[in-house]
Each structure stands twice: as C-alpha cells, then as structure tokens.
Novice: 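This structure is in structure tokens; I'll ask about it shortly.
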Amino acid sequence: MQQYEVIVIGAGPAGYVCAIRCAQLGFKVACIDKWVNARGKPALGGTCLNVGCIPSKALLDSTHHVHFLSEQAGRHGLKISGLEVDIPTMQKRKDKVVQTLTRGVASLLKKNKVDVYAGTARFLGEQRIHVGQLDGPSEELQGEHIVIASGSKPSTLPDIEVDNDRVLDSTGALNLQEAPERLGIIGAGVIGLEMGSVWNRLGSEVIILEALAEFLPAADRTVSKEAFKILGKQGLDIRMNCLVQGVQVTSDKVAVSYSLNGAEQLLEVSKLVIAVGRMADTTDLDLEAVGIKTNQKGFIEIDARWQTSVENVYAIGDVVGGAMLAHKGSEEGMALAEQLASQHAHINYEAIPWVVYTWPEIAWVGRTEQQCKSDGIPCRTGEFPFRALGRAHAMDDTGGLFKIVCEQDSDRILGAHILGPSASELICEAVVAMESELCAEDLARMVHAHPSLSEGMHEAALAADQRAIHF
Ligand code: FAD
Ligand code: NAD
C-alpha cells in the first residue's frame, strides 16, 4: 500500500492548487481525479477547466467578437459584409483552450512531483483510500491527511430529465453545435445569464424563467436593476416570479408550463437549459463508511480550519458550499496546505470577488448598500457612470456604473460594485482596498491613469464624499 503525507481527492481548482502547495511545502502528495473528457481520456482541472469557467469564457469571448462585428464595427468605420459565424470552429477553439489548460495542470502537478491517480476515490477507513483506476488495477493508498476537494455537479429539478439533447445542463449548453431557434433557460443566475448571452449573441431567441421576484439578489440593487435593463435590451427575455410546473419533451420541442403571478403560462422552445444551482459531489466517496458529516443540503460540514467531523480529514472548494467559485476553492487549497505545514493560514471571506461575465460584466466584492442597511451598518455610497469616462467613449462602451459603499463615519470601504466593460479586472482594485482596510478617501487620493476605465473607481470614491469632478 502506497503511503502519503497528504492525499487530495479531486484535481479541480481547489484540489490541484492544494496538492501543488502541499508539495512545495515538502509533503509527499497524491492527487486522485476521476474526470474523463469527451474523448474518454482522464483530464485534470475539474469543473472549472473542463466544463465551467474556462469553456464558458472562451465562448463568451468568441461571441463578444461576433457582437462587436455585427453591432458596433460600423460605428468604428469598419464595414463588415457577409459575416459568417462558424459555430463548430468556435467550439473547436474552445475545446483547444480547455485541452491546453488541462494539460497545463497535469504538467504543473508533475513538475511539483505530485503522484496523480486517474480514478475514483472511496474511503475505506479514516486514512485509507481505495482508488478504482480508470486504466489500471485498483490501488489502496494510506494518507496522514486526506483532503476532499470533490467539487460539485448541476442541481436538477424534480421530474425533469436532463438528456443533453433537448433538455440540457450547463455542460450541454456549452456544447451545442448550432444556435437553437428558441432557447429556454430555467434560472436567471450566473450560468443562465452567461449561457443566455452566448446563445443570444449567436442568434437564439432566449427566454429565461426565474423563480425569484428579485433579479441577481446577491448584487447591489442599483447594479442589478441597471443590468436587468441592459441585458433586456440585448434581447434576453428574463421573466421573474415564474414557478415551473412541468416540462414535456417531444421530438421537435420542449414545452414548459409555469405560472406567473398566479396565471398559467406555456413556453415552447427548441432546447431548454436547467441552470438552477449546483450541489456537492460526494457520490462515490462513501463518506458514511468513516462518519464524515454532511449538512441538509449535502455539503460536507467543516470547522473554521476546514476539518470535517473526522480528524485529519479536510474539505475545501465547492463540496463545502459557500461561494461556489474557483478562486475561493484555490485560496482554501493554499491556506489548508499552509495550515498543514503549521504556517499561518487565513482567508478573508468578506473580500471574495464575484463576476458575472455578461457584457457589460457585473462584478462586486463585499457588502451591498442593502446588506448594510439590513445589518444596521450606517453607510454612504458613491456612484459614477461609465458614460462620464473619456476612455469608455473612446471604446464605444459606455453602459454601466461604479458604486462604492463605505462606512458612514470611518469611511472604510465595505463593498464595491461595478457594471461595465472589464468589470472583472477593475474589481481587483476594490479587493486590494478592502484587504488593506482602505477608506474611500484613500482611493480618492490615489492617482489613476488617464484615460482609463479605472478612473471610474477614483470618481466613485470622490462621489462618496460628494466631490466627483466629472459627473
Ligand atoms: P471541481 O472543479 O468540481 O473539481 C472537483 C474534482 O473532483 C473533479 O475533477 C471531479 O472529477 C473530482 N472528483 C469528484 N469525486 C471524486 C472521487 N470520488 N474520486 C476522484 N475524483 C473525484 N467559477 C468561477 O470562479 N468563475 C467562473 O467564471 C466560473 N464559471 C463557471 C461556469 C460554469 C458553466 C460552471 C458549471 C461553473 C463555473 N464556475 C466558475 C464555478 C467553478 O467551476 C467551481 O466553483 C470550481 O470548479 C470548484 O472547484 P473545486 O475544485 O471545488 O471542484
Ligand atoms: P445560481 O445559484 O447562480 O442561479 C440559479 C438561479 O436559479 C437562481 O436565481 C435561482 O433563484 C433560480 N432557480 C432555482 N430553482 C428554480 C426554479 N425551480 N425555477 C426557476 N428558477 C429557479 O446557480 P447557477 O447559475 O446554476 O450556477 C451555479 C454556480 O456555479 C453559481 O452559484 C456559481 O457559484 C458558479 N458559477 C460561477 C460563475 C462565475 O463566477 N462567473 C459562472 C457560472 C457558474
């Protein structure tokens, strides 16, 4: 039986980062992953690289170009005639990006001397793991510390079967080879909006049915209201307050019956995407064999040091819930490795950025104005629109706004919210500011390059003190 100091189950962004950091710190490490790609080959990188962050952003980038060429190029004096969109080629580029990056993870693990096992891990004992290898005999591994980073899988709805032909999950929505004439999506969350944007830009009529009354409730209300308007103008037909009652699949269409404010409705679409959240993937682990506890929603229970109910068994990433984001999992992986090496390990969960990669992008970190109010924290806000930025005009991209939320008296930044081009990059300044416990005044006194989109953050900080210059 092979002995390891650390065995990591799962090579997604939480697991592979943890494995590499453990190896850097001198541990003997194994990393086990069961992922098999469409070509039947083992692939590392988990959901994020194979069917999540990376392929979705590859398609969002490609289709953003389509949008530019068809809708905006003319205004720049670029006359494009006979624009042809070749979706299979777009998909091949996306697959190539995924292949490059998943291979990159394999070489990083190799470089750091992590032993990789392609197969399914299952607990035999608190420190014993069975690996059903994909291309070899099964193995038994012994580990001083076991890290569960087994990730998540799409949630389903009762009585709706995902066949990835007519009714798709996010993976099916990433792999379509042609734009459906009418695409229905259940769930106006991150996946619904990103996948809806991709197929809308490629010509599908997109209708999104959302159960909640409030659009993107985690975002600041000013931003979510504006985003709702802009996305609606782009053609995303987002219907709130919808209670889906049933789905009927025939050879040429999917009929969704739902109620809207009590009235019965019927929506007929060519394909339907179910994007109603994700749940922990603990299916093959046999957690019961060793008594690892999960909560009511199926996420593994951990303490503040990522330890499960069993000593020396830890869990990180999507499988523990919270923000189900790649960067949150990776930070947990690194922090846990450092904790195992008796180093200081800390994550500021208040300063994790969120990004929805629609265009304009929606990004935020920290508290919303509404959260401050409901938590009784007196706050001030500063807002600044992209249309008041010279650079945004030069780019012909003027939709959206910056909003900074700071504590009323101390001026400390509690949150920042951006709807606009490159919000995913711009939010980083606010993360640094929050991690450094800066005040709006600090940002207001920092020199920002002109002309740049980052000037919007500077002006929003000035606006928090009612002294914005350009608006
Ligand atoms: P995962 O990435 O799910 O990896 C878990 C790994 O564990 C998998 O490889 C799996 O094969 C393996 N595994 C599970 N059980 C076993 C077992 N018993 N034995 C061996 N191996 C096992 N997040 C962002 O931050 N930004 C984005 O832009 C973004 N876009 C997304 C787009 C889509 C369409 C989706 C679906 C998700 C997106 N996410 C995004 C979320 C992100 O993918 C996840 O938060 C992230 O992958 C979680 O990392 P993880 O390592 O915890 O789990
Ligand atoms: P989500 O939680 O973001 O959104 C799901 C939406 O579905 C919610 O608005 C919810 O109210 C709605 N919903 C649930 N049940 C419903 C029903 N029966 N009828 C109608 N609407 C219903 O989940 P998601 O979009 O599936 O994404 C899953 C997770 O993946 C996200 O939480 C996120 O953590 C991660 N992700 C992140 C990114 C990113 O960071 N850019 C991109 C994609 C996915």
Side-chain angles (χ1 to χ4, degrees), residues 8-18 31-36 42-57 59-60 102 105 117-123 129-132 134 148-155 157-158 160 169-171 173-174 185-195 208-218 239-245 256 258 273-287 315-330 332-333 352-358 361-363 424:
V8 181
I9 301 172
Y16 85 75
V17 169
C18 184
C31 184
I32 311 164
D33 201 293
K34 65 179 179 181
W35 199 282
V36 180
L44 303 174
T47 304
C48 170
L49 269 67
N50 289 286
V51 295
C53 324
I54 297 303
S56 58
K57 266 78 253 178
L59 290 183
L60 279 155
T102 53
V105 171
Y117 292 83
T120 303
R122 173 165 57 83
F123 277 90
I129 301 291
H130 176 274
V131 186
L134 295 167
I148 306 171
S150 56
S152 63
K153 54 189 179 183
S155 296
L157 288 174
I160 302 182
D169 57 19
S170 53
T171 303
L174 284 167
I185 300 179
I186 303 184
V190 202
I191 293 179
L193 296 177
E194 292 187 354
M195 288 296 97
I208 308 183
L209 305 180
E210 167 60 50
L212 297 178
E214 193 186 331
F215 178 63
L216 276 186
R239 304 179 189 171
M240 308 303 293
N241 268 319
C242 294
L243 275 182
V244 174
Q245 279 142 356
V256 186
Y258 66 99
V273 178
I274 312 292
V276 293
R278 293 179 64 81
M279 56 190 186
D281 182 1
T282 54
T283 354
D284 298 310
L285 292 169
D286 202 2
L287 298 179
I316 53 173
D318 276 11
V319 76
V320 301
M324 295 171 87
L325 299 173
H327 40 286
K328 174 262 194 185
S330 297
E332 289 179 338
I352 294 178
W354 277 84
V355 181
V356 187
Y357 292 80
T358 47
E361 293 177 343
I362 309 164
S424 56

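In each ligand, atom 1 is the first atom listed, and ligand 1 is the first ligand listed.
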Novice: Answer with side chain, backbone, both or neither: which part of S56 has a heavy atom less than 4.0 angstrom from an atom of ligand 1?
Specialist: side chain

Novice: Heavy atom of R122 under 4.0 Å from ligand 1?
Specialist: no

Novice: Consider ligand 1: state whether an atom of it lies below 4.0 angstrom from any non-hydrogen atom of A173.
Specialist: no

Novice: Please check this pair: side chain of E210 against backbone of A188, looking for a donor-acceptor N/O pair closer than 3.5 Å.
Specialist: yes

Novice: Considering all heavy atoms of both residues, which atom of S150 and which atom of L285 are nearest to each other, and what is their separation?
Specialist: OG-CD1, 3.6 Å

Novice: Who's the nearest protein heavy-atom neighbour of atom 34 (O) of ligand 2, and how far?
Specialist: M324 O, 2.6 Å

Novice: Geometry only, no angles: is A11 polar-contacting ligand 1 at N/O separations under 3.5 Å?
Specialist: no

Novice: How long is the span from the CD1 atom in I362 to the CD atom in E194, to the nearest 0.5 Å?
Specialist: 9.0 Å

Novice: Do D284 and ligand 1 have an N or O pair less than 3.5 Å apart?
Specialist: no

Novice: Of all the atoms in ligand 1, which lie at a distance below 4.0 Å from a heavy atom belonging to H327?
Specialist: 25 (O)

Novice: Note the single closest protein heavy atom to atom 29 (C) of ligand 2, along with its residue, its atom name and the distance in Å.
Specialist: R278 CD, 3.8 Å

Novice: Out of A275, S424, G187, whose heavy atom sits nearest atom 5 (C) of ligand 2?
Specialist: A275

Novice: Tell me, which protein residue and heavy-atom name are nearest atom 2 (O) of ligand 1, and how many Å apart are they?
Specialist: T47 N, 2.9 Å

Novice: How far is atom 34 (C) of ligand 1 from the closest protein heavy atom, and which atom is that?
Specialist: V51 O, 3.6 Å

Novice: Are any of the N or O atoms of V190 closer than 3.5 Å to those of ligand 2?
Specialist: yes

Novice: Applying a heavy-atom cut-off of 4.0 Å, say which part of V355 lies close to ligand 2: side chain, backbone, both or neither.
Specialist: backbone

Novice: If you compare all heavy atoms of S424 against all heavy atoms of Y357, which two are closest, and at what distance to 0.1 Å?
Specialist: CB-CE2, 3.8 Å

Novice: Looking only at non-hydrogen atoms, which of D318, I352, I148, V355 approaches atom 44 (C) of ligand 1 most closely?
Specialist: D318

Novice: Which residue owns the protein heavy atom closest to atom 4 (O) of ligand 2, what's the atom, and how far is it?
Specialist: G189 CA, 3.2 Å

Novice: Nearest heavy-atom pair of V319 and I316: which atoms, and what distance?
Specialist: CG1-O, 3.4 Å

Novice: Considering heavy atoms of the protein only, find what lies nearest to atom 7 (O) of ligand 1 and give residue, atom and distance to 0.1 Å.
Specialist: G10 CA, 3.3 Å

Novice: Quick one: does ligand 1 sit under 4.0 Å from the side chain of A14, the backbone, both or neither, non-hydrogen atoms only?
Specialist: both

Novice: Which residue owns the protein heavy atom closest to atom 26 (N) of ligand 1, what's the atom, and how far is it?
Specialist: C53 SG, 3.7 Å

Novice: Heavy atoms only: give me the nearest M279-M324 pair and the separation to one decimal.
Specialist: N-CE, 4.5 Å

Novice: Would you call I129 and I9 a side-chain contact if the rule is heavy atoms closer than 4.5 Å?
Specialist: yes

Novice: Between D284 and R122, which heavy-atom pair has the shortest distance, and what is it?
Specialist: O-CB, 3.6 Å

Novice: Regarding atom 23 (O) of ligand 2: of the candidates C48, A213, G277, S155, which has the closest heavy atom?
Specialist: G277

Novice: Taking non-hydrogen atoms only, is P154 closer than 4.0 angstrom to ligand 1 via side chain, backbone, both or neither?
Specialist: neither

Novice: Can you find an N or O of G45 that's nearer than 3.5 Å to an N or O of ligand 1?
Specialist: no

Novice: Could you identify the single nearest non-hydrogen protein atom to atom 18 (N) of ligand 1 and state the distance to 0.1 Å?
Specialist: A121 O, 3.0 Å

Novice: Classify the contact between R278 and ligand 1 as side chain, backbone, both or neither, using a heavy-atom distance cut-off of under 4.0 Å.
Specialist: side chain

Novice: Mind checking whether I191 has an N or O less than 3.5 Å away from an N or O of ligand 1?
Specialist: no

Novice: Would you mind finding which of E194, K57, M324, H130 brings a heavy atom closest to atom 30 (N) of ligand 1?
Specialist: K57

Novice: With a cutoff of 4.0 Å, is K328 in contact with ligand 1, counting heavy atoms of the residue only?
Specialist: no

Novice: Return the closest protein heavy atom for atom 12 (C) of ligand 2 as residue, atom name and distance.
Specialist: E210 OE1, 3.3 Å

Novice: Taking both backbone and side-chain atoms of W354, is any N or O found less than 3.5 Å from an N or O belonging to ligand 2?
Specialist: no

Novice: Can you report which non-hydrogen protein atom sits closest to atom 19 (N) of ligand 2, along with the distance?
Specialist: I186 CG2, 3.4 Å

Novice: Has ligand 2 got any nitrogen or oxygen that is less than 3.5 angstrom from a nitrogen or oxygen of I191?
Specialist: yes

Novice: Please state which protein non-hydrogen atom is closest to atom 11 (O) of ligand 1 and give its distance, to 0.1 Å?
Specialist: D33 OD1, 2.8 Å

Novice: Hey, what do you get for CG (N50) to CG (L174), rounding to the nearest 0.5 Å?
Specialist: 11.0 Å

Novice: For the pair T120 (side chain) and K34 (backbone), establish whether a donor and an acceptor sit closer than 3.5 Å, ignoring hydrogens and angles.
Specialist: no

Novice: Test your reading of the model: is there a side-chain donor-acceptor pair from K328 to the backbone of G317, 3.5 Å cut-off?
Specialist: yes

Novice: Looking only at distances, please establish whether an N/O atom of ligand 2 is found under 3.5 Å from an N/O atom of A211.
Specialist: yes

Novice: Between S330 (side chain only) and P13 (backbone N and O only), is there a donor and an acceptor less than 3.5 Å apart?
Specialist: yes

Novice: State the CG-OH distance between L209 and Y258, to the nearest 0.5 angstrom.
Specialist: 5.5 Å

Novice: Nearest to atom 18 (N) of ligand 2, what protein heavy atom do you find, and at what distance?
Specialist: L157 CD2, 3.5 Å

Novice: What part of L44, side chain, backbone, both or neither, has a heavy atom within less than 4.0 angstrom of ligand 1?
Specialist: neither

Novice: Given the protein's heavy atoms, is any one of them under 4.0 Å from atom 32 (O) of ligand 2?
Specialist: no

Novice: On a heavy-atom basis, which atom in L44 and which in A11 lie closest, and how many Å separate them?
Specialist: CD2-CB, 3.8 Å

Novice: Using non-hydrogen atoms of the residue, decide whether G329 is closer than 4.0 angstrom to ligand 1.
Specialist: no

Novice: Among all protein non-hydrogen atoms, which one is nearest to atom 33 (C) of ligand 1, and what is the separation to 0.1 Å?
Specialist: G52 CA, 3.3 Å

Novice: Quick one: nearest non-hydrogen protein atom to atom 22 (C) of ligand 1, plus distance?
Specialist: K34 CG, 3.6 Å

Novice: Specify the protein heavy atom at minimum distance from atom 13 (N) of ligand 2: its residue, its atom name, and the distance to 0.1 Å.
Specialist: V276 CG1, 3.8 Å

Novice: When you measure from the side chain of D33 to the backbone N and O of G119, does any donor-acceptor pair fall under 3.5 Å?
Specialist: no

